[in-house]
Student: 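For reference, the structure I am asking about is given below.
This chain uses plain numbering: 1 for the first residue, then up along the sequence. First listed ligand is number 1; within each ligand, the first listed atom is number 1.
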Amino acid sequence: MNRYILTPDLRFDESPNAATRFAFHVILRRNRVIRSSLLLVSALFAAGLHAADNVSILGNKPRWDIFENYQQTITRDEFAHLITDVYGTHGFAPDLIEITDETARILMNRDAQKFFTLRFAVDDASRKRVPRLWRPAKSLPPASAGKPLSNLKIALDPGHLGGNWAKMEERWFEVGESKPIQEGDLTLCVARLLAPRLRKLGATVLFVRDADEPTTSKRPIDFRQLARNILITNGVPQPRADVLDPTDPAKEQTIRWQSEILFYRYSEIRRRAARVNFKLHPDLVVCLHFNAEGWGDPNSPNLTDINHLHLLVNGSYLAQELEFDDERFEMIRRLLSRAYDEELPLADTIAMAMARETGLPPYAYPTTNSTTKVGTSGYVYARNLLATRLYRCPVVYCEPYVMNSKDVFDRIQAGDYEGTRNINGRERKSIFREYADSVADGLVEYYSKARGGSRFSYVMSETAPSVH
Ligand SMILES: [Zn+2]
């Protein structure tokens, strides 16, 4: 008898309401989460070793020694605030992080009972410099005239792959004879419109992805054995090889589906992270996505009147995520880098610009199980996504527009164009330019203010000539 059910795992769902689900955790029927994939991965890669690192899927072995560089760079109050209000909002096992007046004791390996001791700065005045490669707005040299983004290195990360991969990554739907909607193509279109706008404002702009192809060299076939092992460990003793059709309710329990998601999400985002962290070294990454409500059958999707906007920053780790040594390590590294101090006001400012220009209401998550509302705009949530966790710099993750809302669908069908057109009775910019312009305006507003300039002294992107 099958004691287990596979359950949606929203942690890695890049677009919260789209019909993508992934199941690495086994959930007992009584809802008690137990760790499974970590046992598997440890067993696969560290067979026979005592006290193996408890590493998440395709995760890296934590390098705890680098935290020596962060000794006395943070006060106790600041550390406790970030743990309580941003990163550990869902609670966690008490032995993972223990905060005293002078130190935080962080669990490195439970089997070996090894801990890292982080010493706090006594006060703000004696705090040592935070080692990091990215530069906060306040540390940038004054902006040159008309160039509020000068000296700033921004990486654009258009979400997903698009092109021939869109169906596989379940970011595809089609209504009748109309043009298929592929999120990965839409995000790349926005990035290509946004880049010249930001360059005109003085920024150096880099692309994390600039084609409808993967950045990872791996393919699903490389993950078939891992997929099979994951399924077996998760209570599917004889996993089926293939999916019957896109609406097959058991598709997630097939080797094909699991090996594909290992490729297009886990491997792909980890590869992008390597590119961001070791090659691009930006001051900021802007992740561009379009949101969706569940559309059901992609060949006959549900269209809705619902439309909304939200932005994400990293935080809100689940208790079971923090059990993984690598996720706990990456959370602490992010906390100590103080990316949050930069990305939260940035996200709030961009959110306000996007809200103003799109007119979209804030998205409200149906539960608070995986997110925590942060900031002052009402549009920003903390959430532990792979990209927001792994890119070692401030990351602002944009989720405007419900692709399968009727209005957005019509605007996407209209394509990109200059000026305005009447769509559904209103004169509108192309949805791609509205997106790009509003992000650019938010960035101008934030950096102008943080660098001491006035946003009104700069040419806003809305009045700038369109650049192809
Ligand atoms: Zn997305």
Student: Hey, mind stepping through Trp165 and Phe263 against ring-ring contact (aromatic ring centres under 6.0 Å, His included) and telling me if it holds?
Tutor: CA-CA 11 Å; Trp165 308 95; Phe263 151 69; 5.2 Å; yes
Student: Ring-plane angle category for His310 and Tyr363, please: parallel below 30°, perpendicular beyond 60°, tilted otherwise.
Tutor: tilted
Student: Shortest non-hydrogen contact from Ala143 to Lys147?
Tutor: CB-O, 3.4 Å
Student: Measure up the Tyr381 and Tyr365 rings against each other and bin them: parallel (under 30°), tilted (30 to 60°), perpendicular (over 60°).
Tutor: perpendicular
Student: When you measure from the Zn ion (ligand 1) to each N, O or S atom of Glu183, which atom gives the shortest distance?
Tutor: OE2
Student: Taking backbone and side chain together, does Glu399 place any N/O/S atom at a distance below 2.8 Å from the Zn ion (ligand 1)?
Tutor: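 No - counting backbone and side chain alike, Glu399 has no N, O or S atom under 2.8 Å.
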Student: Angle at the Zn ion (ligand 1) between NE2 of His160 and ND1 of His289, to 10°?
Tutor: 100°
